[in-house]
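Accompanying notes for the structure given below.
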Amino acid sequence: MRISVAICTWNRSQLLQRTLERLCELDADDRYSWELVLVDNNSTDDTSQVIDRFADDLPLRAVRETKQGHSWSRNRAIAESTGDYIVWTDNDVLVCPQWLSAYYDAFSAEPQVAFFGGAIDPVFDPPGRPDWLESTWGKCHPVYAARDLGRTPVELNENRLPYGANFAVRLDVQREHLFDPTLGRVKSGMMGEDETHVLRRIVRSGGKGRWVPDARVQHIVPADRATEKYVRSYFVGQGMANVAFNKPCKRGVAALLDCVCQSLLYRIKRNRTDPDEWVSHLIRAGLSWGEYSASTGSRTEK
């Protein structure tokens with residue numbers, strides 16, 4: 001069996017360095033071969049130099065995708081991959097040593113399964129997770145891609161899917177279900193849902209999914225993302241996705257008015273109430289701004 005590991009990156013060279021260092025520590029074995037397909041989406045930092053440093057240490061094949069956007073990069077990775085399976089991770093992830101072997105075991109045990117997923121544990125760089133985020137983790141954990149469905153290899157379905165930093169798809173299935181370029185992040189934009197859109201299509205076409213408890217990764221959270229501004233920006237992206245998928249949501253002027261109202265409540269309550277209350281207003285303000293901008297065609301992720 002051959003496995004393709006795919007990473008798409010844009011201007012995150014320092015984090016990518018840490019990701020590639022950890023991949024060098026994988027406990028890979030001779031039961032399978034693997035390649036690392038690394039797609040550089042027009043980075044302007046020193047990403048290419050970082051990639052070059054690992055040319056002799058990893059089975060690495062780097063390509064450049066000139067069409068800007070995460071979905072374009074993912075589709076390029078699919079086109080370049082030569083494995084029986086494609087395993088997706090990200091440029092800010094630290095894989096556990098047995099990560100790839102755990103996926104191999106799952107692939108071998110259930111070759112009829114179309115896709116797989118594993119746990120993601122956020123790891124905050126110093127100074128760590130602030131108190132307000134700690135106390136509102138139940139609301140904010142999706143912002144940091146926290147995902148853990150437990151120690152049992154349960155079936156995955158439309159309502160129980162893995163997240164983008166740690167999932168795998170049989171390559172023949174993946175090539176039938178490419179990523180939609182109108183979805184996904186573009187540069188620093190925050191509109192996501194590209195991988196959940198693909199996985200739901202696979203489920204609706206009859207594909208089965210399986211949770212792989214031992215295929216764990218850590219998701220690095222830099223200090224500049226442990227902020228209220230970043231939480232809001234994430235939910236702006238979610239609001240845009242709500243419109244893209246035609247979910248029940250506010251639109252147009254109604255969304256703008258709700259954004260203004262929720263933003264004012266957030267500012268008023270920020271230093272007067274418990275974080276659980278003002279964070280709710282912060283989240284709602286972000287969602288409404290995303291719904292407004294997407295429904296009016298501005299795509300502004302303010």
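These numbers come from a predicted model, not from an experiment. All values below come from the heavy atoms of this structure, side chains included, with hydrogens, waters and symmetry mates left out.
- Linking Ile, Leu, Val, Met, Phe, Trp and Tyr residues whenever their side-chain heavy atoms come within less than 4.5 Å places Val5 and Val217 in a single cluster.
- Counting heavy atoms from C-beta outward, Asn41 and Cys8 have side chains that stay 4.5 Å or more apart.
- By the 4.5 Å heavy-atom criterion applied to side chains, Arg61 and Thr82 are counted as neighbours.
- The two residues Arg251 and Val243 make their nearest non-hydrogen contact at NH1-CG1, 3.4 Å.
- Checked by atom type and distance alone, the side chain of His281 never pairs as donor or acceptor with a backbone atom of Trp278 at under 3.5 Å.
- Counted within 6.0 Å of CG on Asp224, heavy atoms from surrounding residues, nucleotides or ligands total more than 12; the atom is thus considered enclosed.
- Under the 4.5 Å side-chain heavy-atom criterion for grouping Ile, Leu, Val, Met, Phe, Trp and Tyr, Ile86 is not connected to Val39 through any hydrophobic cluster.
- Counted within 6.0 Å of NZ on Lys67, heavy atoms from surrounding residues, nucleotides or ligands total 12 or fewer; the atom is thus considered open.
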Chi angles and distances behind the side chain to side chain contact (heavy atoms under 4.5 Å, CB included) call for Leu257, Tyr292 = CA-CA 9 Å; Leu257 291 175; Tyr292 166 73; over 6 Å; no
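- Looking at Asp90, its side chain never comes within 3.5 Å of a backbone N or O of Asp92 through a donor-acceptor pair.
- Taking both residues in full, the closest heavy atoms of Met1 and Ser108 are given as CE-OG, 3.8 Å, listed atom of the first, atom of the second, then distance.
- Around the CD atom of Glu158, the shell of radius 6.0 Å holds more than 12 heavy atoms that belong to other residues, nucleotides or ligands.
- Side-chain polar atoms of Asn11 and Thr44 form a donor-acceptor pair below 3.5 angstrom.
- What you find for Ser71 and Asp194 is that their closest heavy atoms are OG-CB, 3.6 Å.
- Checked by atom type and distance alone, the side chain of Asp45 pairs as donor or acceptor with a backbone atom of Ser13 at under 3.5 Å.
- Remark: Asp84 engages no residue in a salt bridge (Lys or Arg N to Asp or Glu O under 4.0 Å) (not counting sequence neighbours).
- Remark: the backbone N or O of Ala226 is not paired with any side-chain donor or acceptor of Arg129 at under 3.5 angstrom.
- Smallest separation of non-hydrogen atoms from Ser263 and Arg232: OG-NH2, 4.4 Å.
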request  = Let me see the working for Arg53 and Glu21 under salt bridge (Lys or Arg N to Asp or Glu O under 4.0 Å), right down to the final yes or no.
outcome  = CA-CA 10 Å; Arg53 290 175 204 147; Glu21 287 173 349; over 6 Å; no
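- Using a distance-only test at 3.5 Å, with no hydrogens or angles considered, a donor-acceptor pair links the side chain of Asp29 to the main chain of Arg31.
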key: Glu35 and Ser81: CA distance, side-chain angles, deciding distance, side chain to side chain contact (heavy atoms under 4.5 Å, CB included) verdict   = CA-CA 8 Å; Glu35 64 177 348; Ser81 293; 4.2 Å; yes
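- In the hydrophobic clustering (ILVMFWY side chains linked at under 4.5 Å, chained through shared members), Leu94 is joined by Leu15, Ile220.
- Qualifying ring-ring contact (aromatic ring centres under 6.0 Å, His included) partners for Tyr32, counting only residues two or more places apart in sequence or in other chains: Tyr104.
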key: Intermediate values then yes/no, side chain to side chain contact (heavy atoms under 4.5 Å, CB included), Phe115 and Leu199   = CA-CA 8 Å; Phe115 69 96; Leu199 292 173; 3.7 Å; yes
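- Lys208 and Glu110 are not joined by a salt bridge, as no carboxylate oxygen comes within less than 4.0 angstrom of a charged side-chain nitrogen.
- Checking side-chain atoms of Arg170 against main-chain N and O of Gln112 turns up a donor-acceptor pair under 3.5 Å.
- Distance CG/Asp276 to NZ/Lys139: 3.0 Å, rounded to 0.5 Å.
- Distance check, rounded to the nearest 0.5 Å: CG of Asp172 to NE2 of His177 gives 9.5 Å.
- Across all non-hydrogen atoms, the minimal contact from Leu26 to Cys96 is CD2-O, 3.6 Å.
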request  = Give the intermediate values and the outcome of side chain to side chain contact (heavy atoms under 4.5 Å, CB included) for residues Gln174 and Val198.
outcome  = CA-CA 9 Å; Gln174 185 74 87; Val198 163; 3.8 Å; yes
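- Ile3 and Val63 fall into different hydrophobic clusters, where Ile, Leu, Val, Met, Phe, Trp and Tyr residues are linked whenever their side-chain heavy atoms come under 4.5 Å apart, directly or through other members.
- Between Trp88 and Phe179, the ring-plane angle classifies as perpendicular under the 30° and 60° cut-offs.
- Using a 4.0 Å cut-off between charged side-chain N and carboxylate O, Asp125 and Arg225 make no salt bridge.
- Residues Tyr234 and Pro142 form a side-chain contact, since some pair of their non-hydrogen atoms from C-beta on lies under 4.5 Å apart.
- Checking side-chain atoms of Arg210 against main-chain N and O of Phe107 turns up no donor-acceptor pair under 3.5 Å.
- The local environment of CG in Asp131 is sparse, with at most 12 non-hydrogen atoms from other residues, nucleotides or ligands closer than 6.0 Å.
- The side-chain heavy atoms of Gln17 and Phe54, taken from C-beta on, include a pair separated by under 4.5 Å.
- Within the 4.5 Å cutoff, side-chain heavy atoms of Ile51 are placed close to those of Leu16.
- For the pair Leu38/Leu20, a side-chain contact is recorded, criterion being any heavy-atom separation below 4.5 Å from C-beta on.
- Of all heavy-atom pairs spanning Ser288 and Ala255, the tightest one is CB-O, 3.4 Å.
- Side-chain contact between Val93 and Asn166: absent, with no pair of heavy atoms (C-beta onward) separated by less than 4.5 Å.
- A search for ring-ring contact (aromatic ring centres under 6.0 Å, His included) contacts involving Trp34 returns nothing, not counting sequence neighbours.
- Listed by first and then second residue, the ring pair (Phe, Tyr, Trp, His ring centres under 6.0 Å) pairs that reach into residues 204-225 come to none, sequence neighbours excluded.
- The side-chain contact (heavy atoms from CB on, under 4.5 Å) test with Val95 singles out one residue from Glu25, Arg216, Arg22, and that residue is Arg22.
- In this structure the side chain of Leu156 reaches within 4.5 angstrom of the side chain of Leu149, judged on heavy atoms.
- Checking Asp214 against Gln98 by side-chain atom types alone, no donor-acceptor pair falls below 3.5 Å.
- The ring-ring contact (aromatic ring centres under 6.0 Å, His included) test applied to Tyr144 returns Phe124, Trp137, not counting sequence neighbours.
- Within the 3.5 Å criterion, the main-chain N or O of Ser43 finds a donor-acceptor partner in the side chain of Asp40.
- Connection of Tyr103 to Tyr85 is established within a shared hydrophobic cluster, with ILVMFWY side chains joined at heavy-atom distances below 4.5 Å, either directly or through further cluster members.
- Cluster membership for Ile7 and Tyr163, using ILVMFWY side-chain heavy atoms within less than 4.5 angstrom, is shared.
- Taking the charged nitrogens against the carboxylate oxygens, Glu195 and Arg74 do have a contact shorter than 4.0 Å, which makes a salt bridge.
- Side-chain contact, Asp27 with Ser101: no donor N or O sits under 3.5 Å from an acceptor N or O.
- Salt bridge annotation for Arg160-Glu155: absent, with no cationic side-chain nitrogen under 4.0 angstrom from a carboxylate oxygen.
- At least one donor-acceptor pair closer than 3.5 Å links the side chain of Asn42 to the backbone N or O of Thr66.
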